[in-house]
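For reference, the structure discussed in these notes is given below.
Here the structure is a predicted model, which is why all the values come from computation and not from measurement. Scope of the values below: all heavy atoms of this structure, side chains included, with no hydrogens, waters or symmetry mates.
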Amino acid sequence: LIPVSAGSVLTSTGGEGLGEHAPGMVRRVADVGRNPLRPESELGRIKATRVRSLSIAKSQPQALAQEKFLELIYGEHPYGRLYPTDAMLKGYTIANVKDFHARNFSAARTHLYVVGVFDAQSVEAAVRKAFGDWQRGAGRSPNVPTLTPARRATSLMLVVAISRVPDRPPVNPVLHYTFGSPIHIG
């Protein structure tokens with residue numbers, strides 16, 4: 001099993017195992033990144049699961065706060081949109097998925113880290129064989145958001161306290177949300 005984690009700006013995959021199995025792990029990780037399974041028969045189920053997950057997320061105060069914060073800071077830039085719209089979700093096709101993968105997964109955008117105790121020569125040979133013919137592809141996306149002074153921020157702390165007893169202030173906050181922006185432009 002090769003775990004995959006996907007976020008708004010990073011997709012990662014990898015695993016761990018015994019050093020003598022490192023070349024095999026390199027081959028499996030390369031296969032997952034370069035040749036992902038995209039069965040059209042699964043798209044409907046995946047979209048339905050995503051709709052349910054979004055519905056749950058959008059009922060949570062922390063998710064709503066994050067959504068509004070990103071919208072405030074990044075405006076119409078894709079960074080300002082935490083969740084896809086219903087129309088976006090319903091409109092996704094296997095062709096969209098394949099196109100996204102072709103445009104965004106390439107040698108120029110990939111970093112491979114191998115750490116631990118292993119035979120360096122056999123792992124390097126496995127890396128060269130698994131990734132050596134991968135097309136360079138496009139580098140970083142040039143679509144970097146432009147922030148106006150009113151939108152520039154390096155950090156924000158938002159604390160929301162909710163009382164469970166009517167007409168009484170809360171003793172302790174029950175939601176604590178922090179956001180530290182890794183991006184500072186200008």
CD/Gln66 to OH/Tyr83 distance, rounded to the nearest 0.5 angstrom? 6.0 Å

Within this structure, what is the CD-NZ distance for the pair Glu40 and Lys98, rounded to the nearest 0.5 Å?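 Those atoms lie 7.5 Å apart.
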
Under a 3.5 Å distance rule, please check whether [X] uses its side chain to pair with a backbone N or O of [Y] as donor and acceptor.
X: Arg109; Y: Gly137; result: no
X: His101; Y: Gly33; result: yes
X: Arg128; Y: Glu124; result: no

Got a salt bridge between Asp86 and Lys90, using NZ or NE/NH1/NH2 to carboxylate O under 4.0 Å?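 Salt bridge: no.
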
Could you list the residues that satisfy side-chain hydrogen bond (donor to acceptor under 3.5 Å, both in side chains) with Ser122, not counting sequence neighbours? Asp119

Sequence neighbours excluded, the answer for side-chain hydrogen bond (donor to acceptor under 3.5 Å, both in side chains) partners of Thr49 is Arg52

With side chains defined as the heavy atoms from C-beta onward, is the minimum distance between Pro36 and Phe105 less than 4.5 Å?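 Side chain of Pro36 against side chain of Phe105, heavy atoms only: no contact under 4.5 Å found.
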
Worked check of side chain to side chain contact (heavy atoms under 4.5 Å, CB included) between Lys47 and Arg50: CA-CA 5 Å; Lys47 289 193 310 189; Arg50 186 70 174 140; 5.6 Å; no

Do you know the tightest heavy-atom contact between [X] and [Y]?
X: Ile94; Y: Arg38; answer: CD1-O, 3.7 Å
X: Val26; Y: Ala130; answer: CG1-CB, 4.2 Å
X: Ala22; Y: Val123; answer: CB-CG2, 3.6 Å
X: Gly80; Y: Tyr74; answer: N-CB, 3.5 Å
X: Arg34; Y: Asp133; answer: NH1-OD1, 2.8 Å
X: Gly91; Y: Asn96; answer: O-OD1, 3.4 Å

Parallel, tilted or perpendicular, as decided by the 30° and 60° cut-offs, for the rings of Tyr113 and His111: parallel

Measure up the His77 and Tyr79 rings against each other and bin them: parallel (under 30°), tilted (30 to 60°), perpendicular (over 60°).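 Aromatic pair His77/Tyr79 classed perpendicular.
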
With a cut-off of 6.0 Å (strictly less than), are more than 12 heavy atoms of other residues, nucleotides or ligands near CD of Gln135?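 Not more than 12 within 6.0 Å, no.
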
Worked check of side chain to side chain contact (heavy atoms under 4.5 Å, CB included) between Thr110 and Trp134: CA-CA 10 Å; Thr110 300; Trp134 203 8; 3.4 Å; yes

Are Met25 and Leu18 in one and the same hydrophobic cluster, where Ile, Leu, Val, Met, Phe, Trp and Tyr link if side-chain heavy atoms are under 4.5 Å apart?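 Met25 and Leu18: separate clusters.
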
